[in-house]
There are 2 protein chains.
Amino acid sequence: MTYSNITGVKMKKARYHHGDLRHSLIKAARDMIREGGTEAVSLRKLAARVGVSRTAAYHYFKDKNILLCTLAQEGFHIWQEEADRIFLDEKMSHEDRYKAYIRWYMTYALENAEYYDLMFGRAIWKQNMATENLKATAYDVFQKQVAITRQWQKYGVLPAGEDGLRLAQVTWGTLHGLARLLIDGIYSDDSPIDEICDCAANLLMDK
Amino acid sequence: MTYSNITGVKMKKARYHHGDLRHSLIKAARDMIREGGTEAVSLRKLAARVGVSRTAAYHYFKDKNILLCTLAQEGFHIWQEEADRIFLDEKMSHEDRYKAYIRWYMTYALENAEYYDLMFGRAIWKQNMATENLKATAYDVFQKQVAITRQWQKYGVLPAGEDGLRLAQVTWGTLHGLARLLIDGIYSDDSPIDEICDCAANLLMDK
DNA sequence: CCATCAATCTTGACACTGTCAAATTGCGTC
DNA sequence: GACGCAATTTGACAGTGTCAAGATTGATGG
């Protein structure tokens with residue numbers, strides 16, 4: 001049914017059969033995360049935004065954590081698609097691809113800070129709260145990282161003498177650490193990202 | 001006054017004049033963080049543990065965040081003292097000191113995971129919630145990091161060609177990133193820390 | 001067309017949280 | 001002993017996640 005909220009805007013409020021509640025909840029949660037981060041998302045506010053009662057979501061998601069894991073999983077898929085665009089860009093040399101990847105990683109993390117925190121933050125990963133689906137997705141993403149790292153070793157972009165798995169762990173750790181320090185506000189917002197990226201590239205790449 | 005709780009254990013409950021409530025709250029909060037992390041700390045549980053009412057803490061701490069910042073600040077002091085032991089260890093070459101520092105950093109972060117998360121996590125640093133005192137303390141710790149990084153550049157441990165500030169940012173980012181990935185449970189608990197540290201040393205140190 | 005049933009909700013309720021303001025208590029000082 | 005003030009406690013509120021019971025609605029089969 002249609003009703004007007006206090007701003008006079010006509011809204012379609014579910015009346016015992018929303019029709020597509022699961023998708024609406026996911027979309028609204030995505031918006032809320034972008035606007036204010038994971039901490040700003042509550043099931044009651046989410047339900048109000050979608051126009052249902054506070055416990056409607058429990059029909060589709062066992063609890064709040066499962067909803068958040070669903071969104072994190074979606075985030076990993078998007079992340080991987082965008083990363084692949086750089087990995088597979090044949091207009092660049094392998095060295096340039098790696099440098100571009102470093103810059104993209106920082107830019108992506110900073111421009112999608114709240115989503116990055118959802119994907120990689122404690123709220124989900126602490127106390128083994130991640131769903132099996134999410135763990136599988138994250139595992140896949142990391143396995144792709146190991147594969148591309150070995151490829152970069154083969155092309156002489158990264159040092160060939162290191163174990164591929166370790167190297168993938170440390171290089172991701174470097175980018176992740178810088179991203180977190182910037183996102184969390186420990187490094188200031190006016191830190192020169194380009195110089196940091198260049199320094200990181202100089203340290204990680206084979207000389 | 002003295003009373004017995006349900007376990008029959010005599011407890012000293014404040015009766016409008018605890019005597020040393022501020023210190024007791026800090027100590028109890030420290031214990032709770034170690035036991036269950038920042039998320040497990042609530043002012044009500046804390047007050048119950050100390051034997052006062054739920055709002056007694058507001059006499060000493062404006063809010064919960066201020067209490068947590070106080071603990072984080074203390075954590076930074078302890079961290080710096082332990083780091084200095086390695087920086088100033090004259091029994092080791094500078095190269096060995098750096099490698100020892102990397103290993104110490106990982107070990108410290110993993111053995112003090114909940115405190116590390118308090119010090120470096122979003123709960124405190126997000127939305128500019130850190131107190132001025134905490135920011136000053138953290139700034140000092142980072143400035144010491146820049147100084148020791150420049151020293152390591154001078155001794156040929158780290159690449160001399162990089163800007164000292166950038167290098168400090170990136171090398172800390174590397175260690176921080178690895179620590180977070182391990183603490184948050186994204187890298188599994190059985191990851192071989194020694195190999196990761198060796199790989200990080202190989203990448204960061206001047207060749 | 002109607003009865004049935006299951007999906008899809010809403011509502012009542014509970015425990016927990018942080019925080020504020022008013023009220024109470026106790027200590028130190030005069 | 002009175003007073004003032006620090007140091008509490010208590011009453012209250014708004015918000016949170018979640019469970020179970022109940023209500024509603026749409027699909028289906030006879």
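Letters go in sequence order (proteins before strands), and every chain restarts at 1.
- Contact annotation: B/His17 side-chain N/O to D/dT8 OP1/OP2 distance is not under 4.0 Å.
- We find that B/Arg180 and B/Asp117 are joined by a salt bridge, their nearest charged nitrogen and carboxylate oxygen being less than 4.0 Å apart.
- For A/Phe87, the ring pair (Phe, Tyr, Trp, His ring centres under 6.0 Å) criterion is met by A/Tyr101, A/Trp152, not counting sequence neighbours.
- The CG-P distance, from A/Leu46 to D/dT18, rounds to 12 Å in whole Å.
- Under the rule for a salt bridge (charged side-chain N to carboxylate O under 4.0 Å, His left out), A/Lys62 has no partner lying at least two apart in sequence or in another chain.
- For the salt bridge (charged side-chain N to carboxylate O under 4.0 Å, His left out) test, residues two or more places apart in sequence or in another chain that qualify with A/Asp31 are A/Lys27.
- Put simply, NE2 on A/His59 is 18 Å from P on D/dA21, counting in whole angstrom units.
- Atom CG of A/Leu21 and atom P of D/dT24 are 19 Å apart (whole Å).
- Within a 6.0 Å sphere centred on CG of A/Asp189, other residues, nucleotides and ligands contribute 12 heavy atoms or fewer.
- Using cut-offs of 30° and 60° on the angle between ring planes, the pair B/Phe142 and B/Trp172 is tilted.
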Seminar exercise, completed: Letter by letter from the 5' end, nucleotides 12-19 of chain C scores (B base, S sugar-phosphate only, - none; protein heavy atoms under 4.0 Å) BB---BBB
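- Put simply, OH on A/Tyr16 is 6 Å from P on D/dT24, counting in whole angstrom units.
- The residue A/Phe61 sits apart from the nucleic acid: no heavy atom pair falls under 4.0 Å.
- The CE atom of A/Met32 sits 12 Å away from the C1' atom of D/dT16 (whole-angstrom rounding).
- With sequence neighbours excluded, the residues satisfying side-chain contact (heavy atoms from CB on, under 4.5 Å) with A/Lys45 are A/Met32, A/Ser42.
- Each end of the helix from C/dC1-D/dG30 to C/dC30-D/dG1 gets its own axis from five base pairs, and the two axes differ in direction by 10°, given to 10 degrees.
- Aromatic ring centres of A/Phe76 and A/Tyr115: separated by at least 6.0 Å.
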